[in-house]
Amino acid sequence: MDRYIDFDKINLELPPPEEEPDRQYYFTAKAKRYAEAESARLGRPLTCCIQTFGCQMNSRDSEKLLGILKQIGYQETDDEHADFVLYNTCTVRENANKRVYGRLGYLNTIKKKNPDMIIALCGCMMQEAQVVEKIRTSYRFVDIIFGTHNIFKLAELLCRRYELRQSSGTEACGAIPASLSQPTKSGTGTAASSKNNMVIDVWEGTDRIVEDLPVERKYPFKSGVNIMFGCNNFCSYCIVPYVRGRERSRRPEDIIAEIRRLVSEGVVEVMLLGQNVNSYGKTLDTRVTFAQLLKQVDQIEGLERIRFMTSHPKDLSDELIETMASAKKVCHHLHLPVQSGSSRILKQMNRRYTKEQYLELVDKIRRAIPDISLTTDIIVGFPGETEEDFQETLDVVERVRFDSAFTFIYSKRTGTPAAKMENQVPDDVVKDRFDRLLKRVQEISAEVCGRDLHTVQKVLAEEPDDHLDGYLTGRMDNNTVVHFPGEPSLIGKIVDVYLEESKGFYYMGKRGN
Ligand code: SAH
Ligand code: SF4
Ligand code: F3S
């Protein structure tokens, strides 16, 4: 955050401002007073615990949510016996939802012993009307529900919860506050508060991007940076466009300013985040391409590494390939989800490229950037997938030889076109294909990842090794993990490491050359 805000000086006698982010600064100040009173009553600081499910978008959102909670006065803990517990949920596959419901049962047992605890749910799952309905009726101990479009409103929603509690006691019914039954400006869609004091504020969509909110980063030396939100691609299996809304790009000057600030705070590596970074800039008044943005980021002094996620093959331009090849700081790693090797299935998936186009693209990238590391996502068991289709997928895996691949069993998502398709593939057939694919992907990965053995590589030391005392874990430019002996003081620094031994997915190394 650019501006220093003295929350104790904000006059709460005045009505809240209309404009963001000032409105949220006001509610942060208000929530801070409520939290201070609660903390005085308990005779200890209040604690908060955020559990994040899903992808890097959610991880980044959680850092913003923690930033708000810390300003209110909460201390972070990993323990779910906290005063405020927030689940930032994912719904990309059914398993993600199941995990949340399972964990909620456990939270209920904790809350029975501590009824003052506040439980909040946010993230992609909350954008689904049937999920909110289920929680509203069957998980009545939940206090706050909000979605992906209004995470910036956490302080306001928390104030509302405190106020409902004060006015009606923990279990009593309260009226729906007028300010919550209407979404604030430029939010569209539903917002409501249920009978049992549950504060619910979910927007169907938004065209706004609120800048200048606090962020509490997980790592001091690397950070995700949102460059765009939402997705317009509507791959037929995917729920993301429905729960994250339409594509919106942040202005390049806001992105650059944020990265400069991060660098001044000690960040050496950024990960530019978007569901499809290759279509960055299309919603801006003045068109800027993703490659142009990368060139600007590459100029930032003090920054050492630039990564980005995710690239849709259909939008990957020659300009981007040239930029990746010539830029000084852009890592030679590309995550390029193929999803399937069958052109017939790709068409059904609405991916808008064929197997041949994907393979040509890979060739072109490798010609321009010979040391590129390629990773991918693959779905097995899309409706109507035959053994021949699956063989095409295996063929792509054999030809491209990915450094690694995330393999997923197709999961039917309500509301997506694929959910209505006939010929859903039986579970046992899918499982058998999945096992065969995974085996091949892992074998190839073990061969490919070892290619830098006995060379010296630049490694960003990231954390103490989980298993070996006196060792650190770091990442090479191409994202491969390396374990090597080193002092914790090296964490956050890029050091030369000699790769002594390849272990398939990672290396054992030693410092120096
Ligand atoms: N925007 C990114 C991916 C976001 S979701 C992209 O287009 O590459 C991450 C991955 O989850 C996808 O690449 C896809 O492989 C997988 N996925 C999405 N929906 C799925 C579903 N219904 N079943 C199984 N896997 C799915
Ligand atoms: Fe989902 Fe496709 Fe958008 Fe990725 S590009 S988020 S897979 S719809
Ligand atoms: Fe999951 Fe939402 Fe990411 S559905 S994968 S957390 S965008």
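Residue indices begin at 1 and follow the sequence shown.
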Enquirer: Please evaluate residues Arg413 and Thr91 with respect to the criterion side-chain hydrogen bond (donor to acceptor under 3.5 Å, both in side chains), reporting the C-alpha separation (whole Å), side-chain torsions for both, the decisive distance (0.1 Å), and the verdict.
Expert: CA-CA 8 Å; Arg413 308 314 290 134; Thr91 185; 2.8 Å; yes
Enquirer: I'd like to know if Lys412 pairs up with Glu94 as an ion pair, taking the criterion as any Lys NZ or Arg NE/NH1/NH2 lying under 4.0 Å from an Asp or Glu carboxylate oxygen.
Expert: no
Enquirer: I'd like to know if Arg244 and Asp61 make a salt bridge, using a cut-off of under 4.0 Å between side-chain N and carboxylate O.
Expert: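 Judged by the 4.0 Å cut-off on N to carboxylate O distance, Arg244 and Asp61 do form a salt bridge.
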Enquirer: Whether Asp435 and Lys431 form a salt bridge (side-chain N of Lys/Arg under 4.0 Å from carboxylate O of Asp/Glu) is what I want to check.
Expert: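 Yes, this pair counts.
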Enquirer: Using distance alone, with no hydrogens and no angle criterion, decide if Arg248 and Asn232 have a side-chain donor and acceptor under 3.5 Å apart.
Expert: no
Enquirer: Can we say Arg344 and Glu388 salt-bridge, meaning some charged N sits less than 4.0 Å from an Asp/Glu carboxylate O?
Expert: no
Enquirer: If the threshold is 4.0 Å, N to carboxylate O, is there a salt bridge linking Glu63 and Lys218?
Expert: no
Enquirer: Please walk me through it: do Tyr87 and Phe53 pass ring-ring contact (aromatic ring centres under 6.0 Å, His included)?
Expert: CA-CA 8 Å; Tyr87 283 179; Phe53 302 79; 5.7 Å; yes
Enquirer: Which residue in the set His312, Glu247, Lys314 passes side chain to side chain contact (heavy atoms under 4.5 Å, CB included) when paired with Ser279?
Expert: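 Among the candidates, only Glu247 passes.
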Enquirer: Please determine whether a side-chain nitrogen of the Lys or Arg among Arg451 and Asp403 lies less than 4.0 Å from a carboxylate oxygen of the Asp or Glu.
Expert: yes
Enquirer: Salt bridge check: are Glu462 and Lys222 linked by an N-O gap of less than 4.0 Å?
Expert: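 Looking at Lys222 together with Glu462, the answer is yes, because their closest N to O distance falls below 4.0 Å.
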Enquirer: Can a donor-acceptor pair be found between the side chains of Thr386 and Asp389 at a distance below 3.5 Å?
Expert: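 Yes, because at least one side-chain N or O of Thr386 sits under 3.5 Å from a partner of the opposite role on Asp389.
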Enquirer: Thinking salt bridges, do Arg433 and Glu385 make one under a 4.0 Å N-O criterion?
Expert: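 Salt bridge flag = yes for Glu385 with Arg433.
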Enquirer: State whether Lys153 and Asp201 are salt-bridged, where the test is any N-O pair (Lys NZ or Arg NE/NH1/NH2 against Asp/Glu carboxylate O) under 4.0 Å.
Expert: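 Yes.
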Enquirer: Assess whether a salt bridge exists between Asp285 and Arg251, defined as any Lys/Arg side-chain N lying under 4.0 Å from an Asp/Glu carboxylate O.
Expert: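 Here Asp285 does not pair with Arg251 in a salt bridge, since their nearest N and O are not under 4.0 Å apart.
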Enquirer: Between Asn150 (side chain only) and Gly147 (backbone N and O only), is there a donor and an acceptor less than 3.5 Å apart?
Expert: yes
Enquirer: Any salt bridge between Lys364 and Asp318, counting N to O under 4.0 Å?
Expert: yes
Enquirer: Look at the side chain of Arg352 and the backbone N and O of Leu346, then say whether any donor-acceptor pair between them is shorter than 3.5 Å.
Expert: no
Enquirer: Looking at Glu269 and Lys329, does any basic side-chain N land under 4.0 Å from a carboxylate oxygen?
Expert: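 A salt bridge is absent here (no side-chain N lies under 4.0 Å from a carboxylate O).
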Enquirer: Assess whether a salt bridge exists between Asp432 and Arg436, defined as any Lys/Arg side-chain N lying under 4.0 Å from an Asp/Glu carboxylate O.
Expert: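 The answer is yes: the pair qualifies as a salt bridge.
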